[in-house]
Amino acid sequence: MRPLFYLNKYFLKYKLRLFLGLIFITASNLFAILPAQIIRIAFDVVGDTVTRYRLFNGFQIQEDYFAFMTQAIIIFGLIVFVMALIKGFFTFLNRQTIIVMSRLIEYDLKNDIFNHYQKLDLSFYKKNSTGDLMNRISEDVSRVRMYIGPAVMYTTNMVVVFILVVWAMLSVNVKLTLYVLLPLPFLSISIYYVSHIINVKSEKVQRQLSNISSFVQEAFSGIRVFKAYNIGAQRFEQFNQETEDYKKVNLELVKVNALFMPLMVLLIGLSTIMTIYIGGQLTIAGEITSGNIAEFVIYVNMLTWPVAVVGWVTSMVQRAAASQKRINEFLSIQPEIVSPTPVHTEIHGDIEFQNVNFTYPDSGTEALKNVSFKVKQGQSLAITGRTGAGKSTIAQLIARLYDADSGTILIDQKSIRKINLHDLRKKIGFVHQDVFLFSDTISNNIAFGSQVQDIDSNSIESAAKKAAIYDNIVKLNDGFETKIGERGVTLSGGQKQRISIARALITDPQILILDDSLSAVDTKTEDEILGHLNTFMENRTTIIISHRISSIKHCDQIIVLDQGEIVEKGTHEEILNQDGLYRLLHDQQLLENSEASL
Ligand code: ADP
């Protein structure tokens, strides 16, 4: 239960609804108990009247008795009917308060989890799969809601019903009460076991269902490979197996589910039989009236559902506690990279690395070793080297997506750890290696980078022009309003890269990082983009990460990385003359280009 205590703050927030809910539950139960007593009175009145009616056989007064009896039955019937209406009204109100409260808490909890997710560092996302993150916010929260809503409602209902009904029963006859209550614990325990089995089996069904969904999702996203390799039949076979497993677990669940209602009906039936049998004996002995038996039968029916629910609620609470425990584990993780100060910092763009070392915490890969370099505002820095040399890692450290293990990173001569994180990231235009575009219009994809609400179309177009994508966009049927992504137009790799460059430029960055962002662009377009950037990036800092010598040779400074270390540093001419790795990469590319042009 302890993990669920976390939710108390939400109960406190919605205390008024909770309190009203409890009042409505009590009221609705009171109006359920009163009819039972009315029915007892009605039974007794009718019983008495029938006896007297027979006594007055052949007398005029017999007619009066008949009229009285009919009238009494109608009045009793009406009273019971009105009470049922009132009870129904209160049940409606109680659901409107408690179940609505549970939905509101579910909403708050989901928002809180999502908000917390957003604050967490990249390393958190490396450690946890997307599926896990999704499960916490959807499945686990739904299970927790079952505790906040139905479990709280049914438990309170059970306590109230139990107190009211048992008190009413005891005031009639203690012996009969005990006999009637006897089968109820068995009912509770068996329902607990059955619902536990149902839960285990439903989870299996859920798991298999998500297996099928991932399978199908993968099949559709990789449809080109499927078709090219002609493996449709083989994949269908696998799919068939998955659905076969799904069918099996579902049928098992159906079997257990089928047991649930008969078991309840049987145990309720036992209590009713007991009431009539023992009650009958007590009536013969003159201890209770036949009206009491009728009253008891109603009580038994009122008790059995709440008692049966105990078992169900117990397993519901257990599941909710397990889910909340998982949620709490995530919520208790604190981001390591936090903004050190709310004070705003202006970013100009001087960057300096002093003996920076960095090892990825999850994989233990030593990505940067003793890296030092300096780049001034208005200058351009190129980072090159083989794949896996640590180029992107430098970019990520500049945006403070990770913190260096040792050494210092200075931005405008100030330690990066002392700079307002929000301001720093706002002023960095980061074009990532793996381009991510949303399933939205081109214009929204570009505007996404901007912090300005309702950015005007001129700014979007101007960013697109700088990224040399404007002409391609206007040629599309819907221009900037063309939808891209899953259900939209498929763009080429180079076009996607240029859209994400436009997205970075629209933020008006003081530091622009292009992480291998020109790799899919032809050299002519590359020249065009670099030409635009030259003007745009005056007084700003540009960092270009690339294998392609053509992309970087005009940069003010080039650093060559090899296995996390800087092996060469200088301008294109300087390091070309060093006859090192840069020269090697340069000559290889020259050779490839000349072969390609043959
Ligand atoms: P480059 O950009 O030069 O190709 P990276 O900076 O991406 O190289 O990677 C440097 C090294 O760090 C590589 O060995 C790579 O496998 C590893 N690496 C990169 N990103 C991660 C990560 N998120 N978690 C663990 N290891 C990583």
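All of these numbers come straight from a predicted model, not from anything done at the bench. In listed order, ligands and their atoms are each counted from 1.
- Distances from atom 23 (N) of ligand 1 to the heavy atoms of Lys126, Lys127, His547 show the closest one on Lys126.
- Contacts with ligand 1 closer than 4.0 Å are made by side-chain heavy atoms of Tyr402 only, the backbone lying farther away.
- For atom 25 (C) of ligand 1, the closest non-hydrogen atom on the protein side is Ser363 OG, 3.0 Å.
- Nearest protein heavy-atom contact of atom 5 (P) of ligand 1 is Thr393 OG1, 3.6 Å.
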Next on the checklist: One pair to check against side-chain contact (heavy atoms from CB on, under 4.5 Å): Phe480 and Tyr470. What are the steps and the verdict?
Outcome noted: CA-CA 9 Å; Phe480 276 87; Tyr470 181 81; 3.7 Å; yes
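- If you look at Asp362 next to ligand 1, the close heavy atoms, those under 4.0 Å, all belong to the side chain.
- Ring geometry, Tyr582 versus His586: the interplanar angle falls under 30°, so the pair is classed parallel (tilted spans 30 to 60°).
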N/O donor to acceptor pairs below 3.5 angstrom from side-chain atoms of residues 541-557, sequence neighbours left out:
unit_1, atom_1, unit_2, atom_2, d
Thr541, OG1, Gly349, O, 2.5
Ser546, OG, Arg548, N, 2.8
Ser546, OG, Ser551, OG, 3.4
Arg548, NH1, Ser519, O, 3.1
Arg548, NH1, Val521, O, 3.4
Arg548, NH2, Val521, O, 2.8
Arg548, NH2, Glu526, OE2, 3.1
Ser550, OG, Glu526, OE1, 3.0
Ser551, OG, Glu526, OE2, 2.3
Asp556, OD2, Ser380, N, 2.8
Asp556, OD2, Ser380, OG, 3.4
Gln557, NE2, Lys374, O, 2.8

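- Assignment of Arg386 to the shell around ligand 1 is supported, since a heavy atom sits closer than 4.0 Å.
- Of the charged side-chain nitrogens involved, at least one lies within less than 4.0 Å of a carboxylate oxygen, so that Glu203 and Arg143 count as a salt-bridged pair.
- A salt bridge does not link Asp471 with Lys475: every distance from a Lys NZ or Arg NE/NH1/NH2 to an Asp or Glu carboxylate oxygen is 4.0 Å or more.
- Partner Asp108 forms a salt bridge (charged side-chain N to carboxylate O under 4.0 Å, His left out) with one of Arg145, Lys13, Lys9 and no other, that one being Lys13.
- By the 3.5 Å distance cut-off applied to N or O atoms, Ala367 is not counted among the residues near ligand 1.
- Note that OG1 of Thr507 and CZ of Phe430 are 12.5 Å apart. Values are rounded to the nearest 0.5 Å.
- Taking NZ from Lys414 and CG from Asp350, the interatomic distance works out to 13.5 Å, rounded to the nearest 0.5 Å.
- Looking at Leu421, Asp121, Ile409, Ile419 one by one, the single match for side-chain contact (heavy atoms from CB on, under 4.5 Å) with Arg400 turns out to be Leu421.
- Here is the list of ligand 1 atoms found below 4.0 Å of a heavy atom in Thr365: 11 (C), 12 (O), 14 (O), 17 (C), 26 (N).
- In terms of protein heavy atoms, atom 10 (C) of ligand 1 is closest to Gly388 O, 3.5 Å.
- What sits closest to atom 8 (O) of ligand 1 on the protein, heavy atoms only, is Gly390 N, 3.2 Å.
- In this structure, Gly385 has no heavy atom closer than 4.0 Å to ligand 1.
- At the top of the distance list for atom 19 (C) of ligand 1, counting protein heavy atoms only, stands Tyr360 CE1, 3.4 Å.
- Nearest non-hydrogen protein atom to atom 7 (O) of ligand 1 is Ser392 CB, 3.7 Å.
- Within the 4.0 Å heavy-atom shell around ligand 1 one does not find Phe358.
- There is no protein heavy atom closer than 4.0 angstrom to atom 15 (C) of ligand 1.
- A salt bridge links Asp140 with Arg326: at least one charged nitrogen is closer than 4.0 Å to a carboxylate oxygen.
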